[in-house]
Each structure stands twice: as structure tokens, then as C-alpha cells.
There are 2 protein chains.
Amino acid sequence: MYFDTNLDNGRAVPYNDDNLLKWGNRNMEQGNKRPETMERITTEALANAFIEEQIKALREQIGDKKVLLALSGGVDSSVVAALLIKAIGKQLTCVHVNHGLLRKGEPEQVVEVFRNQLGANLVYVDAVDRFLDKLAGVEEPERKRKIIGAEFIRVFEEEARKLDGIEFLAQGTIYPDILESADGIKAHHNVGGLPEDLKFALVEPVKLLFKDEVRVVGKALGLPDSMVFRQPFPGPGLGVRCLGAITRDRLEAVRESDAILREEFAEAGLSGKVWQFFTIVPDFKSTGIRDGRRSFDWPVILRAVNTVDAMTATVPEIPFATLQKITDRILKEVKGVNRVAYDLSPKPVATIEWE
Amino acid sequence: MYFDTNLDNGRAVPYNDDNLLKWGNRNMEQGNKRPETMERITTEALANAFIEEQIKALREQIGDKKVLLALSGGVDSSVVAALLIKAIGKQLTCVHVNHGLLRKGEPEQVVEVFRNQLGANLVYVDAVDRFLDKLAGVEEPERKRKIIGAEFIRVFEEEARKLDGIEFLAQGTIYPDILESADGIKAHHNVGGLPEDLKFALVEPVKLLFKDEVRVVGKALGLPDSMVFRQPFPGPGLGVRCLGAITRDRLEAVRESDAILREEFAEAGLSGKVWQFFTIVPDFKSTGIRDGRRSFDWPVILRAVNTVDAMTATVPEIPFATLQKITDRILKEVKGVNRVAYDLSPKPVATIEWE
């Protein structure tokens, strides 16, 4: 099991070559090829038709058995969770692992939406210390990704073993994952690497949908916009934006600056116009001056990109007043930061993420 | 002898507490206080009157003796050199120390203007290897500055000892230097720290002028605009912009990216509108992709600021097309670089320089 280090499309999740195209076939209800006649889901009506069809199919597939789902809070797993809650209710157990690398407010939102609003069986695992302790002092990006991926599997496995009689594992596989795997380019697997004795049949209700269709379905299911239109977010989370060896204080600077950036982009009406935006805090300090005294603090890098396929990306022009406001807020509100810079680099020759 | 580490006004030169306000009195021709009746030099006619008066005063002060000047290529020392060449010709010896930390084309320009065009006695010292060898592996900004300052004095001292019968040392002291010294805020001394046995009388013909007056005088003396309107440049040169331990390859990335920035700012008509602009290359790498393969290279930080007194500074809005062109050129032309970012940080809480 390993991680793609340069995936840059928000789905840098662990995968396993052995799983390549095998898992898709276990879902008996449908094949792995989208029929050419299948209509693109672009309206609420089409989404509702899809939802009805899937609910029927899921009930047939699952019967009175139990289903387990790793719920990250991303669009795909959230839509699968909402679909399954509609279809089989408490037969579904969602496990949300908070590895400490999520964005500000995300774990809270998962609990609020799925446990409080949708009444799901939700196991919330606070694994923050566990992950950060494992990551302490690890500088190498590849090793960081491996540790995060492996630890995620371990935590999920532990939770799975606590539950009795689970027969199905639900996953937020979407059609581009299958296409890319079939092309031999990349394999995506949300919970790859589980041990042999933990064998589940797979439930993948959105595996023939494109991302935009998943969003339409999510909206029809009543999920909040902040979840449905969430930007792509890498599997290792903020861990790859807290460059080099992750420390709690610098990770906090990434999380707080990222929250400010998102607030101000929303305020400026940019959230829907820019494909992805986030902040990065390198493990590097420079001189500044605060309250008349010399300071030595981190810079925050603002990153915003537009892309169609994540293979190439351009940097959008952001109104200068917005950049200034974000800068002022970060310098005022985020501890340990004395500079803000806007990354102007297209992909190639840069990548979207910094590590 | 030490350097001000956070001076940030382009005159971060070595100084010596013992020299505080002593040197100014040695020039018998004028005191250290600008008379209230002294007219501000704003026109070519006024500049010419000043030049005539100074030529007379300098000839009286110096007679047939010899004068030594450390010629950095900055505005102040260049104007003093041009004045002295007019007043005493070959009695002046200019020493230009190339410490390897100058901007692209600067040492060549000093030779071209002063030796070839003005026919000065110019000693050009190629001390590049000497400085870079001494700086190898030195990460601490304070220590870097001390090494550059001390080594500069040593090189200059060696050259001074080679010359016979020098009685005067000319310096580009200007009035703000005196004001700041008198205030007890800062002492500026262009060639502080020479040993006791090398005692010269001082010649400081522009010590009662403000910077803008020095420029008007420089223009009247026929110096090229690129010299007269040169932005402030720190004493330790590009050494404080090649952050941390200076290496030749990264220093080259600073110099080349700085040259591109200056070309494109000139092209966009920004050179006269922005007070100071330069590039920084931190000792830090991030992931990129070049020719389909993973790269691991430095970012270049673009820095541009406007200020009145260098105590506070704002970041100007640069047209996005200009930022994009600079980015494209740097990513294409500068070796070892895969990112470009624009520093958005005002002073405070940042400083103009990064170290």
C-alpha cells in the first residue's frame, strides 16, 4: 500500500496495485462501465430518479445486513452516506476519523450533519494525538503520506473489529477513479489495505457518476452546500500543507490561515469561481518586526488555481483588495506568522500542492 | 564594528560606535548642521551652483594631496566620485570591491562609467571567491553581515596600504545619516573599522544634502539614470536575499531573477513608481513538475514596497499581467527555480528584507 505523491487532484489516497479493477466487480447490481445510454444527471429531477433507483438497488443488495463506511466529510463519501441512510438507516455505521489534519470546522460539521441532522450511526474517532505523535519529526513528504495512510487503515480496522456482523463496506468510488484505473494511470481506493481477514463485499452506489453528478445528487439529498461544493482536499489533509516535519503550532497556522482564506474568498464571491484555494506554511522563518521588536516567524503562502483536469493549472487574478484583506487578517489573527505571499506559479512547472 | 541587522533602508553598512559624530567635524570646510538658509537643490541650475562651490571647497581642502574612495556604485559614492574627479582628477583613487553580492551588471557599469567614460583612477578588486569562500556554510544572518562587513574592510585596507601618500578618505555621507546619528538612532559610516594606523582626514562633499538633492547633483554631473535613480541596496548586497547559507547556484538564482524583475518593471513603467523591488530565494525547496518528471527546486519571492522613511512600508498593486510575465520568465530562464510568489506583507509586521 502506498500513496501517490504528486497526484495533485485532491484524491491523494492510499491505494494498492492488487486492488486494481477487482473491487468494482463485487457490486453485483451494476458493472464497471457506464452505459452509453445513461443520461447525465444535471437536474434535481434526474437526481431524484437516480436516488430512488439506488435506494431500491441498495436495499436489494444489502437486505438486513450491516454496512460500514469511512466518512471523511468529502463530497463522495458524504453522498454515499446520505444515500445509505435513506436506504437502510441504522444498518449503516459511519466511522469518521479525525486525524488532526482536517480543515477548521470539518469534524464538527460531519458530526452535526450526519449524527444530529440525519440521525446516522456515527462513530467519531478522535485520533489527533495518535497521528501527530506518529508524524513528529518526519520531514520526508513520501513518508508522511505513508504514515498517514497506514495509520488511517489501522484506526479504521480497529473500529471495524469493534463492530459485529458487518458484511458490507461502502465506498465513495466515482467514475473518474474507475476510468483512471482502467487507463493504468492511477488507482484510487478509499480504504485500501485492510487485512485479509477483514473481507467485505463492496457497496459503491456512485461509482458510475462523474463529480458534477455526485454534487447534483448530494444537493437533492439535502446535504449543505459547504459539503456538496467542497473543494478537492487531499487524503493526507493539511499534513501536506504543513511542509516538512509537522508541528502542532505550525499546523494550527495552516488551519487558521486556511479558514481566513475561505471566509474572505466567500465574502468576495470567489468561492465558486476558483477551483481550489488553500494555504501552505513552509518550515521556514524570516525576520519581521512586531511591537517594535524583531520577530522571527513563518510565512503563509496563499495558493489558488483553476484547472479542468488537474494535469495543468493556471493561477487566477484575485482582486488586490481581497489579497490585502486576507493578508491583514492573517498577520493579525494567526499566531507565529509575519508574512503572506501569493503563489503565482502555474502547473507545470509547479504543482498545485507544494509537497 | 558591526552591522545593523534590521535597517531595511538600503544602507545597512558597517558602523562603529566610536565614530559617532566624530568624523563629521574633520571636514574643516563646513559644519555638521545644515544652515536654515540653505536652499533645497531641486534644479539643474542649483545643482551646478552647488557643484561649482564644492569643486572650489574640495580643491582648497585637498590641495595636491591624494584621496581614496570606496566606490560601491550606489548613488552617494558615485556622486562623490564624480564630484572629486571634476575637482581633483587623478588625485582621486576609487576602489571598487566586487564581493560577488552585487546585482547583475553593476560591477561592469562601475568600470564602464568611472574608468572608461570619466577616466578615473579605478582599482577594480575581484574578491568574489574570497567572500563566497568565507561565507560558505554560514546560515546566521547576523554572522553573514559581520563577515561581509569585516571582509570588506580587510580588502579595502589591503588596497589602501598598496597606495602611497593618501591623506584623505572620501565618503558618501548624506544629511539623513548625520541626522540619524545625532538623534542617537543609528550611526552610518561607509568605511568604518579601518585600523588606527590608517588614519585619514575625511572628505564628505554631500554630507549636508538630502537624497533627492544628491540625485539632482548626480544628474547634473552627467551620471547615467540607472546609477542616479538606483534603488536603495543593502551593504551586504544580494547576500541578505540569498537567505541562510549562501551558495553560488542559489546566489545566481537571486541575481538572475532580480535582473528579470528589474527589466520587466522598467518595461511596464513601474521602475520610477515603486520605491524598491527585488527578489529573494529562500534556502527551501518544494515539489514541481518539469518535462513530465518530478522536480524539487527553490521558490523565488518577488518583493516590492513603497515607503517614505523605510520605517513603515506598503505593498503596491502590480498589474497581474506584469506579475505573470515575470513569473513565466523566471520559471523559464532561471535555473533551479520552480515557483514564484509575490510577498504581500506590509512593514510592520514584516520587514522589507527577509533577513
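A note on names: the letters A, B, ... follow the listed sequences, proteins ahead of strands, and every chain is numbered from 1.
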Atom group of B:Ile280 that falls short of 4.5 Å from chain A, counting heavy atoms: neither
Of the backbone (N, CA, C, O) and the side chain (C-beta and beyond), which part of B:Asp283 lies under 4.5 Å from a heavy atom of chain A, both, or neither? backbone
Counting heavy-atom pairs closer than 4.5 Å to chain B, which one of A:Ala321, A:Pro316, A:Pro299, A:Gly244 comes out on top? A:Pro316
Options A:Glu317, A:Lys332, A:Gln324, ranked by heavy-atom pairs under 4.5 Å with chain B, top entry: A:Glu317
For [X] against [Y], the heavy-atom pair lying closest together:
X: B:Val138; Y: B:Lys134; result: CG2-O, 3.8 Å
X: A:Leu238; Y: A:Arg103; result: CD2-CG, 3.9 Å
X: B:Arg339; Y: A:Ala350; result: NH1-CB, 3.6 Å

For chain A, which candidate among B:Ser286, B:Ser295, B:Pro282 shows the most heavy-atom pairs at distances under 4.5 Å? B:Ser286
Just so I understand: if I count every heavy-atom pair under 4.5 Å between each of B:Leu331, B:Thr327, B:Val340 and chain A, which residue has the most? B:Val340
Less than 4.5 Å to any heavy atom of chain B: does that hold for the side chain of [X], its backbone, both, or neither?
X: A:Leu243; value: side chain
X: A:Leu302; value: side chain
X: A:Phe284; value: side chain

Mark yes or no for whether A:Glu256, through its side chain, and A:Glu333, through its backbone, hold a donor-acceptor pair below 3.5 Å. no
Is B:Asp258 close to B:Lys104 at the side-chain level, that is, under 4.5 Å between some pair of heavy atoms? no
Test item: A:Ile147 and A:Arg143 side chains (from C-beta on) under 4.5 Å apart, heavy atoms: yes
Look at the aromatic rings of B:Tyr342 and A:Phe320 and report parallel, tilted or perpendicular, splitting at 30° and 60°. tilted
